[in-house]
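Below, chains carry the letters A, B, ... as their sequence lines are ordered, and counting in each starts from 1.
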2 protein chains.
Amino acid sequence: MIDKTKFPDIAFRKHDHRRCQRQLLTEASQLCATRKLRLTPRRRQVLEIMLASHQPMGAYDILARLNRADSAERIAPPIVYRALEFLMAEGLIHRIESRNAFITCAHPGHESAAQFLICRDCERVAEVETSAQSLLAEADNLGFAVDHSVVEITGVCAECQKHAG
Amino acid sequence: MIDKTKFPDIAFRKHDHRRCQRQLLTEASQLCATRKLRLTPRRRQVLEIMLASHQPMGAYDILARLNRADSAERIAPPIVYRALEFLMAEGLIHRIESRNAFITCAHPGHESAAQFLICRDCERVAEVETSAQSLLAEADNLGFAVDHSVVEITGVCAECQKHAG
DNA sequence: TATCGTTACGTTATAATATAACAAAATGAT
DNA sequence: ATCATTTTGTTATATTATAACGTAACGATA
Ligand SMILES: [Zn+2]
Ligand SMILES: [Zn+2]
Ligand SMILES: [Zn+2]
Ligand SMILES: [Zn+2]
């Protein structure tokens, strides 16, 4: 069992990635079973493709891999986007907004908002736990040189909350 | 002079927006003059269009307004994207990654990374100046009900910094 | 196991966002 | 006036995402 709370930068280190993959697939299965949701072959297939690395993938990258796998079929975009939609809704993957790309969740089932350290060189992504700690401090801790940070909080402003009443 | 440090939620309040517009245009002019950069008619026009409101605009929204303004010309996407590129490079506007949209900077020339509170109801955006850790507290302060937060820190991981040597 | 409502998948077309590549014009420094 | 540089204009195309609608699989129930 890889504890990503202790090694939040696992994505940036050499490690037994097979174990990552197995562990996350198992967690995904269990999570879906618990919630009585169907991790269908397609959804599982997309998740497996995404588990190939700790780099985010664009929907069309995933699509290309799907079409390379089953040389007979001609999979179309909506299939991929639907699988991504399901996986995101269940917190098995996250969207990296600044890249229009998607990445597997490092610890499925977490409550707090996901936060990422994205290396613009190797393109690997580490998912860190929000907790109380400052993310920038955490980055500094990990020796991660911050280049650009995107912080976007979406919600409803006070005025609109009144009107909605 | 509107002090957005004292009123970080100015975008969510009733206020004299003409003053916002005038003030930001003046700041933009001065900033470009200081840096010996050209705030050309096109760039200024795009900035003015964006100053219409505190809501982010897509590149094609801006394009549509350009084409409505000069009914003769047929402005094409690259023109808009180039103006946006310039304005972003100089910190006069910011990109809202989670919306593929752009918004004028609330206080041009600031050093720290921009952070936003985006209302998914009225779609107005407040730019706040706080550290990442206290942003959620700030949101709470302003009565902003957080719905979804995107925190993306891009940089170079420790390993890649070694290889780059 | 036949039926039926629901969920997931497949297919086609198209919308929305963004950039490549190259030509023409404007700028500003000799 | 000339020329290098920057900015703008133009055409075409790449990339990302969704609408709309039909088919198949599933899973509960009779
Ligand atoms: Zn791994
Ligand atoms: Zn996660
Ligand atoms: Zn205003
Ligand atoms: Zn700003």
Side-chain angles (χ1 to χ4, degrees), chain A residues 28-29 32-33 35-50 55-67 69-90 92-103 123 150 152, chain B residues 28-29 32-33 35-50 55-67 69-90 92-103 123 150 152:
Chain A
S29 291
C32 286
R35 297 181 187 172
K36 304 220 190 301
L37 295 167
R38 293 158 61 196
L39 187 61
T40 62
R42 268 289 176 249
R43 290 165 176 174
R44 189 187 182 86
Q45 189 183 17
V46 167
L47 185 58
E48 281 174 354
I49 286 171
M50 295 183 69
Q55 299 173 346
M57 296 186 81
Y60 281 74
D61 295 336
I62 295 166
L63 185 58
R65 293 235 190 175
L66 279 175
N67 280 323
D70 321 83
S71 55
E73 306 180 71
R74 265 304 154 244
I75 308 296
I79 304 220
V80 173
Y81 281 101
R82 280 183 201 133
L84 291 173
E85 186 179 30
F86 171 84
L87 295 169
M88 279 202 289
E90 300 311 322
L92 294 170
I93 65 172
H94 298 296
R95 183 178 164 84
I96 304 294
E97 297 289 352
S98 61
R99 308 253 167 155
N100 293 332
F102 306 84
I103 193 150
E123 303 207 298
V150 175
E152 296 169 0
Chain B
S29 291
C32 286
R35 298 181 186 171
K36 305 222 190 301
L37 295 166
R38 294 159 59 197
L39 186 61
T40 62
R42 267 287 175 253
R43 289 166 177 173
R44 189 187 180 84
Q45 189 183 17
V46 167
L47 185 59
E48 282 174 351
I49 286 171
M50 295 183 70
Q55 298 174 346
M57 295 185 80
Y60 281 76
D61 294 337
I62 295 166
L63 184 59
R65 292 235 191 176
L66 279 175
N67 280 323
D70 321 82
S71 55
E73 306 180 72
R74 264 303 154 247
I75 309 296
I79 306 227
V80 172
Y81 280 101
R82 280 182 200 133
L84 292 172
E85 186 179 29
F86 171 84
L87 295 169
M88 279 203 287
E90 300 311 322
L92 295 171
I93 65 172
H94 299 296
R95 183 178 163 84
I96 304 294
E97 297 289 352
S98 62
R99 306 253 166 155
N100 293 333
F102 306 85
I103 193 150
E123 302 208 301
V150 175
E152 295 169 0

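With sequence neighbours excluded, the residues that form a side-chain hydrogen bond (donor to acceptor under 3.5 Å, both in side chains) with B:Ser29 are B:Arg44. Contacts of B:Glu152 classified as salt bridge (Lys or Arg N to Asp or Glu O under 4.0 Å), with partners at least two apart in sequence or in another chain: none. With sequence neighbours excluded, no residue forms a side-chain hydrogen bond (donor to acceptor under 3.5 Å, both in side chains) with B:Gln55.
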(request) Heavy atoms under 4.0 Å is the rule here; annotate nucleotides 17-30 of chain C 5' to 3' with B where the base is hit, S where only the sugar-phosphate is, and - elsewhere. (result) BBBBB-----S---
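Using a 4.5 Å heavy-atom threshold, the side chains of B:Leu92 and B:Cys32 count as touching.
Taking atom CG of residue A:Leu37 and atom P of nucleotide C:dT6, one finds them 18 Å apart after rounding to whole Å.
Under the salt bridge (charged side-chain N to carboxylate O under 4.0 Å, His left out) criterion, the residue pairs touching residues 93-103 of chain B are B:Arg95-B:Glu97, B:Arg99-B:Glu123, with sequence neighbours excluded.
The side-chain contact (heavy atoms from CB on, under 4.5 Å) test with B:Ile93 is passed by exactly one of B:Ile103, B:Val46, B:Leu47: B:Leu47.
Under the 3.5 Å distance criterion, the side-chain polar atoms of A:Arg43 are matched with a main-chain donor or acceptor of A:Arg38. At least one donor-acceptor pair under 3.5 Å links the side chain of A:Arg35 to the backbone N or O of A:Glu90.
Close approach of DNA chain D to chain A, defined as any atom under 4.0 Å from a non-hydrogen atom of the protein, starts and stops at D:dT16 to D:dC26.
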